[in-house]
Protein chains: 2
Amino acid sequence: MGNSAGESGSLTREPLDAARADAFAPMFKALGDPVRLRLLSMIASARGGEVCVCDLTGEFHLTGPTISHHLKVLREAGLVDSDRRGTWVYYRMIPAALAVMGTLLETGIPV
Amino acid sequence: MGNSAGESGSLTREPLDAARADAFAPMFKALGDPVRLRLLSMIASARGGEVCVCDLTGEFHLTGPTISHHLKVLREAGLVDSDRRGTWVYYRMIPAALAVMGTLLETGIPV
DNA sequence: GCTCTGATTCGACAGTTCTCTATAAATTCG
DNA sequence: CGAATTTATAGAGAACTGTCGAATCAGAGC
């Protein structure tokens, strides 16, 4: 890839350059809202690897359009993908995205 | 700790409840800005474990107050801590915070 | 085709955020 | 003390965000 921020990609190894920061920040930003964090968690932990929007909406005291908006933010951040099957729309996680973020946050300190 | 979201804490294991989402979202939100992502990276990767604000400011095309604002956001999110020694203020990472976030993002899928 | 249901888009509004300038606080040094 | 330096706070303005209600789009089934 030829980047200058280390192959491990960890934030703690060396300073992130501006271009990479611009690329990664939107992912963190997408998770920076409690509703989206729960949505992603529901999607990521769903049995079968995907979940219907109809099963997400009821878990929040929010209208459909608002849930739809948050799902769009997650989608545009590259964290999830969706596809329609008949009447319903199913969302699934993009595992590589979470992996990238997780790698960025590695401290090298055992938890 | 007696939580209901699993000891591993991973987002992918089971859905995050609202209270935990409220607790964790601000950390992600704090990293959701490219300037703060770079600031945290500079702080986290600094030799000696800490860095003087005077060494951060020059790396951005932003005024001092703006950098100060972003550092405050990182501090209030619990990601960094600061202390003044003489004229200068030094910031250092709180490693446990990054570890918590990293654990949340674990997919169980080897990178 | 018409209607019903599920999901998204549109338009609006209150609240928040990012940035700046100006000012203030903390500390050192003469 | 007074001046210089470094960092933080206060206040303001433009831009963005989260939420809603209304309208629209996509399919299923009569």
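In this text the structure is predicted, and so the values were computed from the model without any measurement.
Close to D:dT17, at under 4.0 Å from its OP1 or OP2, lies a side-chain N or O of A:K29. Contact check, A:Y90 against C:dG6: no side-chain N or O comes under 4.0 Å of OP1 or OP2. Taking side-chain N and O atoms only, A:S68 has no distance below 4.0 Å to OP1 or OP2 of C:dA7. For A:H70 and D:dT19, the shortest distance from a side-chain N or O to OP1 or OP2 is below 4.0 Å.
Summarising the geometry, the separation between CG on B:D33 and P on D:dA15 is reported as 17 Å, rounded to the nearest angstrom. Put simply, CG on B:L74 is 16 Å from C1' on D:dT7, counting in whole angstrom units. Straight-line distance from the NZ atom of B:K72 to the P atom of C:dA25: 15 Å, rounded to whole Å. Regarding B:I67, its CD1 atom lies at a distance of 15 Å from the P atom of D:dT9, rounded to whole Å. Distance B:E50 CD to D:dT7 P: 13 Å, rounded to the nearest Å. Distance, A:L71 CG to D:dT19 P: 12 Å, rounded to whole Å. Separating the CD atom of A:E76 from the C1' atom of D:dG18 is a distance of 15 Å, rounded to the nearest angstrom.
Relative to the side chain of A:H69, the nucleotides D:dG18, C:dT8, D:dA8 differ in distance, and D:dG18 lies closest. Closest approach to the B:Y91 side chain among C:dC18, C:dA7, D:dA8 is made by D:dA8 (side chain taken as heavy atoms from C-beta onward). Side-chain proximity of A:P65 to D:dT6, C:dC10, C:dG6: nearest is C:dC10. Residue B:R84 places its side chain closer to C:dA26 than to any other of D:dA22, C:dA26, C:dT17.
Cluster annotation: A:V73 and A:F24 are assigned to distinct hydrophobic clusters (Ile/Leu/Val/Met/Phe/Trp/Tyr, side-chain heavy-atom contacts under 4.5 Å, transitive). Cluster annotation: B:M42 and A:F28 are assigned to the same hydrophobic cluster (Ile/Leu/Val/Met/Phe/Trp/Tyr, side-chain heavy-atom contacts under 4.5 Å, transitive).
The existence of a salt bridge linking A:R20 and A:D22 is excluded, since no basic side-chain nitrogen approaches an acidic carboxylate oxygen closer than 4.0 Å. Comment: B:D83 engages B:R92 in a salt bridge, judged by a side-chain N to carboxylate O separation of less than 4.0 angstrom.
Among the heavy atoms of the strands lying under 4.0 Å from A:L62 are primed sugar atoms or P, OP1, OP2 only; no base atom is included. Here B:R85 lies out of heavy-atom contact (under 4.0 Å) with every strand. Within 4.0 Å (heavy atoms only), B:F60 reaches no atom of the nucleic acid at all.
With DNA chain D read from its 5' end, the first of the two nearest nucleotides for A:G64 and A:G86 is the one closest to A:G64. Closest-nucleotide positions on DNA chain C for A:T66 and A:T87 were compared, and the one nearer the 5' end corresponds to A:T87.
A cation-pi contact, defined as under 6.0 Å to the ring centre and within 45° of the axis, is absent between B:R75 and B:Y91.
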